[in-house]
Amino acid sequence: MDYKDTLNLPVTDFPMRGNLPKREPEILQLWEQMGLYQKMEEAGKGRPSFILHDGPPYANGHTHIGHALNKILKDIVLKSRRMQGNYVPYIPGWDCHGLPIELMVDKKLGKKKRDMTKAEIRLECRSYAKEWVDIQSEEFKRLGILGDWDNPYLTMHTSYEAATARELARFAERGGLYKGKKPIHWCSSCVTALAEAEVEYADHTSPSIYVKFPFAGELPAEAAALAGKKVSFVIWTTTPWTIPANLGICLNPELTYVAVEAGEDVLVMAEGLYESVMKTLEIKDYQVLASFPSAPFENKVCRHPFYNRDSLIILGDHVTLEAGTGCVHTAPGHGQEDYVVGLKYGLEIYNPVNDYGKYREDVEFFGGMKITDANAEVCAKMTEVGALLKESKVSHSYPHCWRCKKPVIFRATEQWFISLEANDLRKKSLEQIKATQWIPAWGQNRIYSMVENRPDWCISRQRSWGVPITAFYCEKCGEALADGKTMHHIADLFEDHGSDIWYEKEASELLPEGSACPACGHGTFTKEMDILDVWFDSGVSHAAVVEQRDNLKSPADLYLEGSDQHRGWFHSSLLASVGTRDVAPYKAVLTHGFVVDGKGKKMSKSVGNVVAPEEVIKKYGVEILRLWVAAQDYRDDIRISQEILQRLSDAYRRIRNTARYILGNLHGFDPATDLVADGELVEIDRWALSRLERLVERVEKSYDDYEFHVLYHAVHNFCSVDMSSFYLDVLKDRLYTARDGSLARRSAQTAMYRILDALTRLIAPVLSFTAEDIWAHLPGEREESVHLASVPCFETSLLDAELEARYEKLLMVRSDVSKALELARATKLIGHSLDARVLVEAPAGEWKELLEQYRDELATLFIVSQAELAEGLDDAVAGEEIPELKIRVEKAQGEKCERCWNYATSVGSDNDHPGICHSCSDALA
RNA sequence: GGGCUAGUAGCUCAGCUGGCUAGAGCACACGACUGAUAAUCGUGAGGUCGGAGGUUCGAGUCCUCCCUGGCCCA
């Protein structure tokens with residue numbers, strides 16, 4: 001007779017291999033069909049809400065691994081908060097305006113663009129952005145991200161554009177908006193402003209000149225030795241044409257400077273550079289008169305070499321010893337660093353150059369001259385006044401226009417700014433930063449110092465694809481009209497027509513009736529043609545989305561983005577919200593690191609170490625990508641490599657197989673009728689449930705603290721260590737051989753059922769697809785989707801610390817027994833552990849007491865046929881974990897039972913079943 | 001160059017306020033089983049805790065410098 005048929009072996013159609021790339025899309029379809037997101041919305045009504053406000057990715061190009069990381073992290077947070085009993089809507093968003101899209105469309109249109117109006121080009125941009133929104137939307141959905149994909153927010157929606165214009169109006173109302181000057185890249189040939197992305201660097205030959213600026217102030221005490229001398233500061237520049245715009249000389253606050261006497265001149269420059277400079281100037285006969293720090297010269301003055309004005313001596317960290325003299329010619333209207341340091345010292349942002357690259361008419365000596373011709377003229381002038389020490393040529397990297405390939409210049413132009421000081425915006429922002437929870441905590445420090453040190457926010461761009469800055473200019477006097485009332489009126493027009501109306505209508509059609517110039521009272525205007533910085537667009541999403549939608553609540557509970565957003569979205573959102581509402585738009589901000597390759601290097605196409613999400617999905621399934629996100633500590637850089645994915649794939653199979661094995665053994669179990677009460681459970685089953693509660697506790701905490709890698713390790717260890725290698729292994733004999741329906745079997749099934757039910761809920765936020773599949777295979781009445789279920793409740797009644805402590809000791813004994821069995825295996829005494837009889841000896845004390853207490857369970861725990869306590873085992877193996885233990889392994893006594901495979905002396909005693917043991921014949925009776 | 005941040009076994013992570021021979025799981029090697037079988041079980045080998053100094057009775061843990069990454073600026 002084949003006794004195999006009398007056993008209760010596992011039965012399940014839950015496949016061992018997930019075949020995830022094929023299975024996942026089916027589950028996605030299932031969710032779609034059941035309207036899972038809508039059901040979560042309904043189920044959530046009345047619960048406390050948790051609002052994670054989505055930072056909008058840019059609507060251009062396919063999603064990359066960084067997007068996947070970000071969205072999956074968000075999804076894990078969202079799903080776990082939902083299961084914890086919150087109402088958690090998720091509105092994905094996209095950033096749609098801006099230069100990259102405008103440039104792509106530009107390229108696509110080619111020459112056609114010349115015959116198109118701005119409004120028509122904007123329409124092209126709009127549809128281009130929409131195409132990518134749709135593509136990215138599908139890619140995000142494939143990741144298993146649950147959200148309101150049918151109603152996302154787009155920064156180019158009419159309502160969003162109106163909200164953007166309204167927020168700008170609020171800044172105007174409060175006096176935070178002003179017009180000022182700032183240097184930008186400018187192509188005089190194309191007569192246009194250029195963004196950083198439109199500038200190409202190429203080698204260019206420029207003049208290299210050294211110029212004297214005669215010192216004209218009172219000498220500080222530190223330089224008293226120079227009294228009565230003809231002292232000059234020496235600057236070096238490659239742009240002589242900016243000398244007419246010179247307003248200052250910048251020294252490094254940390255460096256030491258020297259005064260060098262050569263002939264009748266005393267030249268001042270940095271100590272670390274004077275030797276090489278003197279060599280370049282071909283002056284051999286000189287001596288150092290004095291050396292001094294730079295600080296005493298701060299706010300003293302030199303004379304401009306040929307204009308009747310001063311040049312202020314200032315200090316700045318950007319001055320280095322890499323080139324020049326350590327005294328930097330500063331023209332705040334022509335350089336970024338000059339501009340920043342100029343602002344600090346209150347210098348005028350002076351720009352004497354017009355749109356066509358010519359000096360303005362009022363510029364003395366050079367009025368109307370093209371600056372490309374000016375270098376020689378300026379040098380001639382300086383030679384004439386005796387200021388030019390040396391002129392030569394230098395080849396260096398210089399910015400060029402990407403379109404016409406000509407060198408570009410840096411020149412100050414009129415721009416719109418948001419003041420950091422008006423209404424104490426900076427101060428209030430810093431306070432709000434302190435009131436916000438930053439995860440990890442160092443994020444606070446990082447953004448704090450950025451806000452503390454940043455200049456005013458330049459919000460204007462000389463571009464087309466964006467929300468217009470809704471200001472007007474008086475046709476008569478040029479005064480700007482940018483008051484709250486007018487701007488709100490325009491915002492209302494945007495609400496109905498979108499911001500395209502700005503380009504379709506004339507100023508007179510846009511303005512409210514009776515608008516008049518605040519300066520001269522004139523009534524006709526032109527429109528501002530600059531658009532808003534896209535960071536302003538996304539920065540107002542709290543107003544355009546979180547405040548607007550009925551189901552959201554501002555401030556949001558959480559913003560979650562990469563750590564680059566300390567300068568980006570977290571920053572612009574903070575300023576936009578504090579500037580108009582005095583509060584931060586978020587209560588907490590979580591940041592993650594960047595995805596790097598297996599060696600910790602950043603990904604780049606040229607290096608060829610890019611991992612594309614779609615390829616991981618194709619090979620392993622999204623589930624592995626999701627597990628990757630959970631397993632890595634996202635606060636640091638996040639590594640990805642084939643090895644890492646392979647390891648995760650292995651870990652996934654372990655978890656999956658544990659679930660599958662339990663499902664197989666739950667065959668025929670109905671929790672409605674078969675559940676065994678806590679008090680009647682077999683002890684080891686109670687132990688397993690106690691371990692489960694530890695896991696629940698641990699995992700819930702890791703969701704609370706956003707520490708998902710803790711969860712990953714906890715779950716994996718639970719499946720491997722507690723379940724697979726111990727509990728489930730020990731359980732086999734009972735499950736297979738006990739009579740179906742017996743308390744012994746039902747007790748084990750009860751424990752396994754509760755374990756798998758809880759485990760499935762615990763992993764659902766991460767392994768969303770697999771959890772759903774297990775959920776469908778679990779017996780009993782349950783929600784339609786695991787994502788509509790709640791977290792397992794943490795049942796402290798199941799915790800039993802004493803029981804766990806006893807088992808911890810038993811496991812130590814078991815470990816020593818395993819080592820002894822392994823030795824017996826090596827000598828071919830046994831193969832399977834059931835071939836063995838184990839004798840254990842312990843000296844009187846706690847170990848002996850424990851073993852005597854568990855005398856009848858030892859064979860089961862060790863998975864051997866017989867285990868007995870013995871004495872006088874002097875020749876036996878000593879334990880490793882417990883050195884006082886002695887263990888002897890012998891061949892098991894009796895015959896092998898054909899049914900349960902245990903050896904027993906009772907085999908043969910039943911005449912009806914001569915091949916089986918006593919307990920098996922009982923089970924069959 | 002500056003600000004922030006990190007560097008513990010092949011991989012992913014523990015290691016709290018300094019204190020027993022630095023832990024876990026996986027991978028790997030070897031073995032067992034063939035009633036979780038493209039599974040499962042057991043055993044084993046793996047680390048000058050990025051490097052160099054220093055403080056201390058004692059440092060992976062504290063200090064200084066350096067090296068190598070990452071993000072953001074310049």
Side-chain angles (χ1 to χ4, degrees), chain A residues 3-5 7-12 14 16-17 316-322 336-337 340 440 442-450 452-454 562-568 571 591-603 627-628 630-633 635-639 641-654 656-665 707 709-710 712-721 724-726 728-733 735-737 814-815 817-826 828 830-835 863 880 899-901:
Chain A
Y3 291 103
K4 188 168 177 175
D5 300 334
L7 296 171
N8 298 302
L9 295 176
V11 179
T12 181
F14 184 82
M16 177 177 285
R17 290 166 67 217
D317 291 327
H318 63 283
V319 178
T320 68
L321 295 176
E322 274 167 36
Q336 177 61 28
E337 286 161 332
V340 173
W442 50 257
Q444 172 164 324
N445 192 10
R446 186 171 186 186
I447 192 168
Y448 191 94
S449 59
M450 285 176 184
E452 197 175 24
N453 297 315
R454 65 160 298 152
S563 60
D564 56 334
Q565 299 303 330
H566 285 114
R567 166 127 334 239
H571 195 122
T591 51
H592 58 254
F594 272 64
V595 183
V596 294
D597 72 9
K599 294 185 183 106
K601 296 275 171 69
K602 76 163 115 193
M603 293 190 172
L627 195 58
W628 165 73
Q632 305 268 334
D633 186 348
R635 290 166 292 202
D636 199 1
D637 306 327
I638 298 135
R639 297 185 179 214
S641 66
Q642 287 309 316
E643 176 174 10
I644 291 170
L645 290 169
Q646 191 55 51
R647 292 295 88 85
L648 286 164
S649 184
D650 294 342
Y652 169 82
R653 286 207 330 259
R654 187 42 170 270
R656 183 182 178 92
N657 255 322
T658 304
R660 177 180 126 96
Y661 183 66
I662 292 178
L663 285 175
N665 284 301
E707 299 206 328
H709 63 287
V710 172
Y712 162 78
H713 282 281
V715 166
H716 189 242
N717 273 18
F718 179 77
C719 288
S720 291
V721 182
S724 193
S725 71
F726 177 57
L728 296 178
D729 207 23
V730 166
L731 227 49
K732 280 175 191 165
D733 184 71
L735 281 169
Y736 298 170
T737 64
R814 187 175 192 260
S815 170
V817 168
S818 290
K819 288 186 221 300
L821 288 172
E822 192 61 22
L823 288 174
R825 210 168 268 136
K828 308 278 183 205
I830 59 163
H832 196 285
S833 59
L834 284 178
D835 299 343
I863 317 184
E880 243 176 69
R899 183 166 177 276
C900 71
W901 292 351

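This is a predicted model, so every value here is computed, not measured. Letters A, B, ... mirror the listed sequences (proteins, then strands); counts begin at 1.
Pairing for B:G18 is absent, judged as Watson-Crick or G-U wobble with the two contacts each under 3.5 Å. Partner assigned to B:G1 is B:C73, using Watson-Crick or G-U wobble distances below 3.5 angstrom. Pairing for B:A45 is absent, judged as Watson-Crick or G-U wobble with the two contacts each under 3.5 Å. Base pairing analysis places B:U40 opposite B:A32; the two distances defining the Watson-Crick or G-U wobble pair are each below 3.5 Å. For B:G7, the paired nucleotide is B:C67, the pair qualifying as Watson-Crick or G-U wobble because both relevant distances are below 3.5 Å. In this structure B:C62 sits in a base pair with B:G54, meeting the Watson-Crick or G-U test at under 3.5 Å. Pairing partner, B:A24: B:U12, with both Watson-Crick or wobble hydrogen-bond distances short of 3.5 Å.
Spacing between B:G60 and B:G7 at atom P, rounded to whole Å, works out to 15 Å. Atom P of B:G15 sits at a distance of 25 Å from the matching atom of B:A52, rounded to the whole Å. A gap of 15 Å separates the P atoms of B:U48 and B:G23, to the nearest Å. Taking atom P in both B:A32 and B:G25, one finds a spacing of 23 Å when rounded to whole Å. Nucleotides B:C65 and B:C73 place their C1' atoms 25 Å apart, quoted to the nearest Å. Between the P atoms of B:A14 and B:G50, the separation comes to 14 Å (whole Å). One P atom belongs to B:A22, the other to B:A59, and the distance between them is 13 Å to the nearest Å. Comparing B:A27 with B:A39, their P atoms are spaced 10 Å from each other, to the whole Å.
Checked against ring pair (Phe, Tyr, Trp, His ring centres under 6.0 Å), A:Tyr652 has no partners two or more places apart in sequence or in another chain. A:Glu643 pairs by the salt bridge (charged side-chain N to carboxylate O under 4.0 Å, His left out) definition with A:Arg647, not counting sequence neighbours. Every salt bridge (charged side-chain N to carboxylate O under 4.0 Å, His left out) that A:Arg635 has, sequence neighbours left out, goes to A:Asp633, A:Glu707. When the ring pair (Phe, Tyr, Trp, His ring centres under 6.0 Å) test is applied to A:Tyr736, no partner is found at least two apart in sequence or on another chain. Taking the salt bridge (charged side-chain N to carboxylate O under 4.0 Å, His left out) definition, one finds that A:Arg454 meets it with nothing, sequence neighbours left out.
OP1 or OP2 of B:C71 lies within a sub-4.0 Å distance of a side-chain N or O belonging to A:Lys602. Neither OP1 nor OP2 of B:G42 sits under 4.0 Å from any side-chain N or O of A:Lys819.
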### Message
Set out, in order, the CA-CA distance, both residues' side-chain angles and the distance that settles salt bridge (Lys or Arg N to Asp or Glu O under 4.0 Å) for A:Asp729 and A:Lys732, then state yes or no.
### Response
CA-CA 6 Å; A:Asp729 207 23; A:Lys732 280 175 191 165; 2.9 Å; yes
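Among the nucleotides B:G44, B:C13, B:G31, the one closest to the side chain of A:Glu822 is B:G31. The side chain of A:Met16 lies closest to B:A39 when the candidates are B:G25, B:A39, B:U12. Listed nucleotides B:G25, B:A39, B:C13 differ in distance to A:Asn717; the shortest reach to its side chain belongs to B:G25. Proximity note for A:Glu880 (side chain, C-beta onward) versus B:U43, B:G44, B:G35: the nearest is B:G44.
Using a 4.0 Å heavy-atom distance criterion, A:His709 is classed as a sugar-phosphate-only contact. At a threshold of 4.0 angstrom between heavy atoms, the contacts of A:Gly593 with the nucleic acid are absent. Using a 4.0 Å heavy-atom cutoff across all strands shown, A:Gln646 reaches no nucleic acid atom at all. Heavy atoms of A:Arg899 sit under 4.0 angstrom from at least one base atom. Among the atoms of the strands shown, base atoms are found under 4.0 Å from some heavy atom of A:Arg17. A:Asn657 comes within 4.0 angstrom of a base, heavy atoms only. Nucleic acid contact class of A:Ala651 (heavy atoms, under 4.0 Å, all strands): none. Looking at heavy-atom distances under 4.0 Å, A:Val710 makes no contact with the nucleic acid at all. Among the protein residues, A:Lys601 comes within range of the sugar-phosphate backbone only, with heavy atoms under 4.0 Å from sugar or phosphate atoms but none that close to a base. Note on A:Gly600: only backbone sugar-phosphate atoms sit closer than 4.0 angstrom, heavy atoms only; bases stay farther off. Counting non-hydrogen atoms under 4.0 angstrom, A:Ile644 reaches the backbone sugars and phosphates but no base. When heavy atoms are screened at a 4.0 angstrom cut-off, A:Asp633 is found touching the sugar-phosphate backbone but no base atom. Residue contacts shown for A:Lys599 are absent, as no nucleic acid heavy atom lies under 4.0 Å away. A:Ser724 comes within 4.0 angstrom of a base, heavy atoms only.
Here the P atom of nucleotide B:U40 and the CZ atom of A:Phe726 are 18 Å apart, to the nearest Å. For the pair A:His571 NE2 and B:G3 P, the computed distance is 19 Å after rounding to whole Å. The CG-P distance, from A:Asp597 to B:G70, rounds to 9 Å in whole Å. For the pair A:Glu337 CD and B:A74 C1', the computed distance is 6 Å after rounding to whole Å. Atom CD1 in A:Ile638 sits about 17 Å away from atom P in B:C11, given to the nearest Å. Rounded to whole Å, the distance from CG on A:Asp650 to C1' on B:C11 is 10 Å. Across the protein-nucleic acid pair, A:Arg567 atom CZ and B:G2 atom P stand 17 Å apart, rounded to whole Å. Across the protein-nucleic acid pair, A:Gln565 atom CD and B:C72 atom P stand 9 Å apart, rounded to whole Å.
Along RNA chain B, the nucleotide nearest to A:Ser818 and the one nearest to A:Met450 differ in position, and the one closer to the 5' end is contacted by A:Ser818. Residue-to-nucleotide proximity on RNA chain B shows that, of A:Val721 and A:Thr737, the 5′-proximal contact is made by A:Val721.
In terms of modelled atom types and a separation under 3.5 Å, the side chain of A:Ser818 and the main chain of A:Arg814 share a donor-acceptor contact. Without hydrogens or angle criteria, A:Ser725 side chain to A:Ser720 main chain gives a donor-acceptor distance under 3.5 Å. Here the side chain of A:Arg899 pairs a donor or acceptor atom with the backbone of A:Thr737 at under 3.5 angstrom. Judged by distance alone, with hydrogens and angles left aside, the side-chain atoms of A:His716 form no donor-acceptor pair with the main-chain N or O of A:His713 at under 3.5 Å. Side-chain atoms of A:Arg639 do not come within 3.5 Å of backbone N or O of A:Val596 as any donor-acceptor pair.
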### Message
Walk along nucleotides 4-10 of chain B from 5' to 3' and tag each nucleotide B, S or - by protein heavy-atom contact under 4.0 Å, base first, then sugar-phosphate.
### Response
SSS---B
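Nucleotide B:G46 carries a syn base; the chi torsion (O4'-C1'-N9-C4 or O4'-C1'-N1-C2) is within 90° of 0.
Using a 5.5 Å limit on the distance between ring centres and a 30° limit on the angle between planes, the aromatic ring of A:Tyr736 does not count as stacked on the six-membered base ring of B:G35.
Taking CG of A:Asn453 as the start and OH of A:Tyr448 as the end, the distance is 10.0 Å to the nearest 0.5 Å.
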